[in-house]
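The next block holds one structure in the form of structure tokens; read it before the comments.
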Amino acid sequence: MQKPSLPKGTRDFGPVQMARRNFILETIKDTFQLFGYQQIETPAMENLSTLTGKYGDEGDQLLFKILNSGDFLKKVDLNDLSEGAAATLPKVAEKGLRYDLTVPFARYVVMNRNELTFPFKRYQIQPVWRADRPQKGRYREFYQCDADVVGTDSLVCEAEIILMIRRVFAGLGIQDYKVKINNRKILTGIAEVIGESGKEGPLCVAIDKLDKIGWEKVKEELTDRGFAENAISKLSPLVSAANESSEPLSFLKSFLAASEIGMQGVRELEEVFEIMQSMGEDLSHVEPDMVLARGLSYYTGAIFEVKVNQVSIGSVSGGGRYDNLTGVFGLTGVSGVGFSFGVDRIYDVMEELNLFHEEDSQGTQLLLAYFDEKSFSYALKVLTQFRKAGVRSEIYPDQAKMKKQLDYASKKGIPYVGICGDEEIKSETIALKNLLTGNQESLPIYEVISRFTAVN
RNA sequence: GUGAUUGUAGCUCAGCUGGUUAGAGCGCUGGUUUGUGGCACCAGAGGUCGCCGGUUCGAACCCGGUCUUUCACCCCA
């Protein structure tokens with residue numbers, strides 16, 4: 001017999017973890033619904049043609065491919081093998097596990113475009129898979145909770161995303177965090193202004209590391225990536241402004257004055273904030289970050305990222321606007337904006353911050369205990385009465401000693417035990433024992449029931 | 001994908017320079033207690049030392065490979 005094990009980067013979730021995860025999930029779901037999003041699900045596997053080419057070369061590497069059923073080698077000949085893995089892959093695998101929820105959603109929108117009412121607001125909570133190397137807060141199977149709107153350019157959506165993030169975090173009890181927001185157009189503008197148009201990708205990858213490795217190292221990296229020296233020196237006022245982070249928007253207005261697209265990005269950002277103010281909301285936790293760069297292969301407008309302070313976990317939520325996501329599936333002119341919560345990371349953050357309160361409100365309230373066969377059948381009868389009254393209750397199923405039954409209850413965190421014996425049978429009562437305090441009193445069944453139902 | 005790192009009882013970990021029968025704490029099972037858990041005391045069960053191979057008279061310990069854990073890079077939730 002071999003010891004069983006799990007694939008790298010995957011985990012089981014026990015009862016305690018599930019109770020906590022459900023708490024997070026319910027908080028998120030509740031918020032999505034409050035803002036008018038409708039739930040959908042899509043299959044774990046998609047055609048590889050749907051997935052490949054959407055996440056950049058790196059992303060394609062991280063896709064899990066599913067071997068064809070049956071004789072998966074039947075289309076492969078020796079030529080394919082000599083040309084290597086890339087040539088052979090399409091002949092042995094035509095399906096893959098989803099890498100995120102956004103691309104399957106785009107596919108769904110395109111396939112159902114005639115049935116959907118636009119703007120279409122959907123949320124989706126399902127696992128995704130990445131063949132990444134596991135690390136702290138990084139798994140190969142993890143859940144994403146996406147909410148997206150397609151079919152509108154309105155910046156109200158961006159404002160609502162910020163509001164949803166704040167509502168969820170408030171519900172979870174996470175207080176010290178930042179919602180960083182930027183706009184792809186600002187990044188494009190920056191590249192334009194320093195004379196390196198179109199190179200915002202490598203520019204951002206480098207600048208993003210500012211607080212990690214410092215300006216000097218970033219300069220080296222930019223040089224390595226082929227940026228001209230005078231471009232780099234034009235960048236330095238932006239870097240010092242980013243460090244001070246006082247009034248990034250007013251800085252950008254002068255820095256980007258020569259770039260029309262850059263100025264448009266600034267205006268969009270301002271408009272999001274104005275909309276929030278019209279809604280009577282403040283800007284707490286919101287932080288414009290002009291070097292924030294994520295999802296450059298498809299974001300075209302706003303870019304979001306949420307970071308919880310004082311913890312070692314990376315971002316717990318992210319998103320942005322993509323003008324043409326459905327374009328790759330043949331439906332053009334549909335703008336979308338969305339974001340995603342990483343439940344697994346939120347869990348890790350809450351654990352690190354000790355935010356889980358241990359009252360397991362879903363657990364059993366009452367265990368019925370007994371001494372012998374006669375009281376066992378009495379307890380079974382009483383058990384039914386409790387359950388009919390809606391009290392979460394159970395009985396130790398094997399006839400066992402009192403010690404064992406009480407042990408079971410206290411280990412499972414059941415707060416009350418109803419002890420049944422000869423005296424109780426005679427008087428139609430149970431001895432209700434509080435396992436925390438050790439107090440015990442004899443009460444009629446109806447009295448016990450009304451105590452439990454009154455609490456709820 | 002690159003570079004490190006970890007693996008000994010259910011859990012957390014000792015185990016010296018390669019040398020008899022691999023240990024502790026917690027947990028588990030039973031008992032002290034046939035109408036009462038937690039506390040205490042007593043007894044007991046439990047290990048192919050991740051796996052495969054090599055060196056050696058002899059390997060938990062040294063070497064190679066492999067899997068796993070954790071971490072950095074890349075990228076990302």
Side-chain angles (χ1 to χ4, degrees), chain A residues 1-11 24 28 55-62 85 98-102 125-146 165 201-202 204-206 208-209 212-213 217 221 293-297 304-308 312-320 338-349 367 369-372 374-375 396 399-425 430-442:
Chain A
M1 261 262 285
Q2 274 191 335
K3 281 184 189 168
S5 64
L6 285 171
K8 193 202 288 243
T10 65
R11 297 134 316 140
I24 298 172
I28 292 171
Y55 309 105
D57 293 338
E58 295 263 358
D60 287 353
Q61 296 296 314
L62 298 178
R98 72 166 98 79
Y99 176 91
D100 69 0
L101 300 178
T102 310
I125 299 178
Q126 290 189 274
V128 303
W129 294 270
R130 296 182 188 180
D132 212 347
R133 195 176 283 209
Q135 237 180 85
K136 189 179 191 75
R138 175 179 294 190
Y139 308 99
R140 298 181 111 181
E141 176 185 64
F142 60 97
Y143 272 70
Q144 285 193 332
C145 307
D146 271 38
I165 291 171
C204 293
V205 169
D208 198 43
K209 299 179 192 162
K212 215 186 225 175
I213 61 177
K217 293 267 179 188
E221 187 162 340
R294 277 306 106 102
L296 292 173
S297 51
F304 300 100
E305 180 169 297
V306 182
K307 174 83 180 76
V308 179
S312 55
I313 317 282
S315 67
V316 294
S317 176
F339 76 114
S340 175
F341 287 110
V343 193
D344 305 82
R345 283 192 177 176
I346 291 177
Y347 185 103
D348 292 343
V349 163
L367 176 87
Y370 47 83
F371 292 103
D372 50 27
K374 207 168 125 203
S375 49
Y396 195 85
Q399 296 212 17
K401 290 182 183 169
M402 186 55 56
K403 176 179 162 63
K404 190 146 193 171
Q405 301 180 56
L406 291 172
D407 250 353
Y408 172 78
S410 63
K411 276 179 190 152
K412 200 171 166 182
I414 300 174
Y416 289 94
V417 174
I419 296 170
C420 306
D422 289 342
E423 289 169 33
E424 286 77 15
I425 296 175
I430 61 172
L432 185 67
K433 182 182 178 77
N434 180 326
L435 286 186
L436 273 181
T437 62
N439 290 342
Q440 184 173 328
E441 51 186 326
S442 262

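Every chain is numbered from 1 and lettered A, B, ... according to where its sequence line falls, protein lines coming before strand lines. Treat the numbers as computed from the prediction; the structure is a model and nothing was measured.
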*Taking only residues two or more places apart in sequence, or in another chain, which ones meet A/E58 in a side-chain hydrogen bond (donor to acceptor under 3.5 Å, both in side chains)?*
none

Pairwise [atom1] distance for [N] and [M], with rounding to whole Å:
N	M	atom1	result
B/rU66	B/rC71	P	23 Å
B/rA4	B/rA77	P	29 Å
B/rC62	B/rU6	P	11 Å
B/rU21	B/rC49	C1'	15 Å
B/rU56	B/rA9	P	30 Å
B/rA14	B/rU8	C1'	10 Å
B/rG27	B/rG65	P	42 Å
B/rG44	B/rG25	P	13 Å

Below 4.5 Å, heavy atoms only, C-beta onward: do [X] and [Y] meet side chain to side chain?
X	Y	result
A/I419	A/F371	yes
A/D146	A/D100	no
A/D344	A/R11	yes
A/E424	A/S375	no
A/W129	A/R140	no

Have a look at [X] and say if it touches a base, only the backbone sugar-phosphate, or nothing, with a 4.0 Å heavy-atom cut-off.
X	result
A/S5	nothing
A/S410	base
A/G438	base
A/G9	sugar-phosphate
A/V205	sugar-phosphate
A/L436	base

Can you tell me how far [atom2] of [N] sits from [atom1] of [X], to the nearest Å?
X	N	atom1	atom2	answer
A/N439	B/rU36	CG	P	17 Å
A/D344	B/rC76	CG	C1'	13 Å
A/D60	B/rG1	CG	C1'	14 Å
A/I346	B/rC76	CD1	C1'	15 Å
A/I28	B/rA77	CD1	P	15 Å
A/E305	B/rC75	CD	C1'	12 Å
A/L6	B/rC67	CG	C1'	14 Å
A/R11	B/rU69	CZ	C1'	14 Å

*Is the count of non-hydrogen atoms from other residues, nucleotides or ligands lying under 6.0 Å from A/Y143 atom OH greater than 12?*
no

*Considering residues, nucleotides and ligands other than A/Y416, do more than 12 of their heavy atoms fall under 6.0 Å from its OH?*
no

*Among the candidates B/rU69, B/rA77, B/rU36, find the nucleotide nearest to the side-chain atoms of A/K433.*
B/rU36

*Between B/rC75, B/rG37, B/rA77, which nucleotide has the shortest distance from any of its atoms to the side chain of A/E58?*
B/rC75

*Please name the pair of heavy atoms, one in A/A409 and one in A/L435, separated by the smallest distance, quoted to 0.1 Å.*
CB-CD1, 3.5 Å

Using atom types as modelled and distance alone, determine if a side-chain donor or acceptor of [X] lies under 3.5 Å from a backbone N or O of [Y].
X	Y	result
A/Y370	A/Y396	yes
A/K307	A/I313	yes
A/S317	A/S340	yes

Show me the protein contacts with nucleotides 6-10 of chain B, counting only N or O atoms at under 3.5 Å.
none

_Partners passing side-chain contact (heavy atoms from CB on, under 4.5 Å) against A/P415 (at least two apart in sequence or in another chain)_ = none

*Under 3.5 Å for both distances, Watson-Crick or G-U wobble, that's the pair rule; now give the dot-bracket for RNA chain B, with | marking pairs to another strand and [ ] for crossing ones.*
((((..(..((((.....[...)))).(((((.......))))).....(((((..]....))))))..))))....

*Indicate whether A/F142 forms a stack on B/rA77; treat it as stacked only if centroid distance is below 5.5 angstrom and interplanar angle below 30 degrees.*
yes

*Kindly determine whether A/F339 and A/F304 satisfy ring pair (Phe, Tyr, Trp, His ring centres under 6.0 Å), including the steps that lead there.*
CA-CA 8 Å; A/F339 76 114; A/F304 300 100; 7.2 Å; no

*Give the C-alpha distance, both sets of side-chain angles, the deciding distance and a yes or no for side chain to side chain contact (heavy atoms under 4.5 Å, CB included) between A/V128 and A/F142.*
CA-CA 6 Å; A/V128 303; A/F142 60 97; 3.5 Å; yes

*Which ones in residues 131-141 of chain A lie close to RNA chain B, meaning a heavy atom under 4.0 Å from one of its atoms?*
A/R133, A/Q135, A/K136, A/G137, A/R138, A/Y139

*Give the B/S/- string for nucleotides 27-35 of chain B, one per nucleotide from 5' to 3', where a protein heavy atom under 4.0 Å of the base yields B, of only the sugar-phosphate yields S, and otherwise -.*
-S-SS---B

_Both A/Y99 and A/T10 contact RNA chain B. Which one's nearest nucleotide lies toward the 5' end?_
A/T10

*Apply side chain to side chain contact (heavy atoms under 4.5 Å, CB included) to A/F341 and A/I125, showing your working.*
CA-CA 9 Å; A/F341 287 110; A/I125 299 178; over 6 Å; no

